[in-house]
Amino acid sequence: MIGAQLAGLYGTGAAPANTAYESIATVSLSGAQSTIDFTGISSTYKHLQLRGILLNAVSGDNVAIRLGNGSIDTGSNYASHQLQGDGSSASAAASTSQTAAYLSGVCQASSSYPFAFVYDILDYSNTNKYKTIRGLSGQDGNGTGTPTSWRVQLISGLWQSTSAVTNVRVYLPAGNLGNYSQVALYGIKG
Amino acid sequence: MAAGATYTPIATTTLGSAQSSVTFSSLGSYTDIFLRVTATNDTPATSNMQLRFNGDTGTNYSYTRLLGNGSSASSSNGANQTAMAFAYYADDPNDFGVMEANIQNFSNTTTYKPVISRGSVATVMVSAYVGTWRSTAAITSITILNSSGVNFKAGSTFTIWGIQAA
């Protein structure tokens, strides 16, 4: 059972029977848009997973996530840690008391090279604990432009609330998500 | 919100004898492919595990990686490659590492194809990679090979799952 739960967490366990991992909703952009929102998420599942690609992002911006119960929390209730490689060196960063979980470190504006991610929101409906986000993400641009602007990241994020998550927002604080961006939400049963 | 069961096993191969590569075709219609490999080489040769798509052997691949070898963390990249490195794995024939790759939006015909991946080999390295195949073609076949040109050892296992977005 544990292995089945973990299977959706970008592959850290045995694959589940396919009834344990369900697609919930998908947003695919046909033009620029400021946010991608998922609302009314039921408490049916044990964990949530976001999978997607982003294009035409604002260079140097973070991919950010906000969570909420009934509405998105915009308070200073988020923290994050990042371990990343830029093709030249490895580095780490952290932030606390933020208004969003900043997950990517940096995302490059590109209509060709997608930023890809898999983010897990663990125990999202539990009302006894803060909510943890764990992720793998990155964008590689074949050394074009500034070569060290392309990065791979391991991230963790925290929403300091014991409320169940019913709302999820993916956005770029400094600009719009671009055309052909797609974010899909999945639920993992436990 | 609508919900649909997904994360469907597509195919698995366990090598009965050493071979240099494994190819999956007939990928089905999904949004993402998840690939998991447990493998080592049959002769000592430290390697990157690599991907090729649709039999493309041109210099259309690139990657950026993050490595930890137990004493330090480092990063490097490769541009204009003939295959996409997606995990670092050991040259110890007894050490079957675990390598996992998310091939995102693989069937769209609009964007280049990104892959984000992780590798874990206890005796050598932990790694995370991001790569791009510079093609807007839908991916119809996936070939797993290694940068050293040696054989994967018998017992190495390669499995793919399809994940369909709502």
Side-chain angles (χ1 to χ4, degrees), chain A residues 7-8 10-12 15-26 28 38-42 44 51-53 55 83-92 111-118 136-144 147-148 150-154 180 182-188, chain B residues 1-9 31-32 34-36 59-68 72-81 84 98-105 108 110-118 120 126-132 134 136 159 161-166:
Chain A
Y10 57 93
T12 55
N18 60 7
T19 57
Y21 187 98
E22 295 184 346
S23 59
I24 298 173
T26 303
S28 302
F38 299 95
T39 62
I41 302 168
S42 77
T44 302
R51 305 177 68 94
I53 60 169
L55 288 133
L83 174 64
Q84 62 182 3
D86 66 4
S88 175
S89 61
S91 63
S111 60
S112 300
Y113 296 98
F115 175 90
F117 62 89
V118 177
L136 170 66
S137 62
Q139 187 182 23
D140 178 86
N142 194 39
T144 57
T148 56
W150 309 106
R151 301 182 185 187
V152 59
Q153 300 110 357
L154 296 168
Y180 304 121
Q182 181 181 78
V183 181
L185 177 68
Y186 299 87
I188 303 165
Chain B
M1 296 182 177
T6 185
Y7 215 110
T8 304
T31 305
D32 300 336
F34 178 72
L35 165 70
R36 177 178 290 134
T59 54
N60 299 314
Y61 305 89
S62 57
Y63 69 89
T64 298
R65 67 182 182 180
L66 172 66
L67 304 176
S72 64
S74 64
S75 181
S76 58
N77 56 23
N80 300 311
Q81 307 282 295
M84 182 194 297
V98 179
M99 284 65 70
E100 301 163 339
N102 297 274
I103 306 168
Q104 306 282 77
N105 287 73
N108 90 74
T110 304
T111 72
Y112 290 167
K113 305 305 180 292
V115 178
I116 45 176
S117 57
R118 297 176 65 182
S120 304
V126 61
S127 61
Y129 285 64
V130 58
T132 301
R134 295 191 312 284
T136 58
T159 306
W161 289 264
I163 301 171
Q164 179 61 52

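Convention: sequence-line order gives letters A, B, ...; per-chain numbering from 1. The figures that follow rest on heavy atoms only: side chains count, while hydrogens, waters and symmetry mates do not.
- With a threshold of 4.5 angstrom between heavy atoms, B:S120 does not approach chain A through any atom at all.
- Side chains of A:L136 and A:F117 form no contact here, defined as non-hydrogen atoms less than 4.5 Å apart.
- When heavy atoms are compared at a cutoff of 4.5 Å, B:D32 approaches chain A solely by way of its side chain, counted from C-beta outward.
- Listed by chain and residue number, A:T44 satisfy the side-chain hydrogen bond (donor to acceptor under 3.5 Å, both in side chains) test with A:S42 (two or more places apart in sequence, or in another chain).
- Top candidate by heavy-atom pairs under 4.5 Å with chain B, chosen from A:G143, A:A184, A:A116, A:A92, is A:A116.
- Using the six-membered ring where Trp is involved, A:Y113 and B:Y112 have ring planes that are perpendicular, over 60° apart on the 30 and 60° scheme.
- Checking A:D140 against B:N77 by side-chain atom types alone, no donor-acceptor pair falls below 3.5 Å.
- The two residues B:Q164 and A:S23 have their closest heavy-atom pair at O-CB, 3.3 Å.
- Only the side chain of A:L55 comes within contact range of chain B, judged by heavy atoms closer than 4.5 Å.
- Between B:R36 and B:W161, the closest side-chain pair of non-hydrogen atoms falls below 4.5 Å.
- When B:T110, B:T136, B:T159, B:N108 are compared by the number of non-hydrogen pairs under 4.5 Å with chain A, B:T110 comes out ahead.
- If you tally non-hydrogen atom pairs under 4.5 Å between each of A:P147, A:G187, A:G138 and chain B, the highest count goes to A:G138.
- Interface remark: of the candidates B:L67, B:T31, B:T64, B:T64 forms the most heavy-atom pairs closer than 4.5 Å to chain A.
- Side chains of B:R65 and B:S76: a donor-acceptor N/O pair is present below 3.5 angstrom, by distance only.
- Contact annotation for A:S112: both backbone and side-chain heavy atoms come within less than 4.5 Å of a heavy atom of chain B.
- For the set A:T26, A:N142, A:L83, A:I53, the count of heavy-atom pairs under 4.5 angstrom toward chain B peaks at A:N142.
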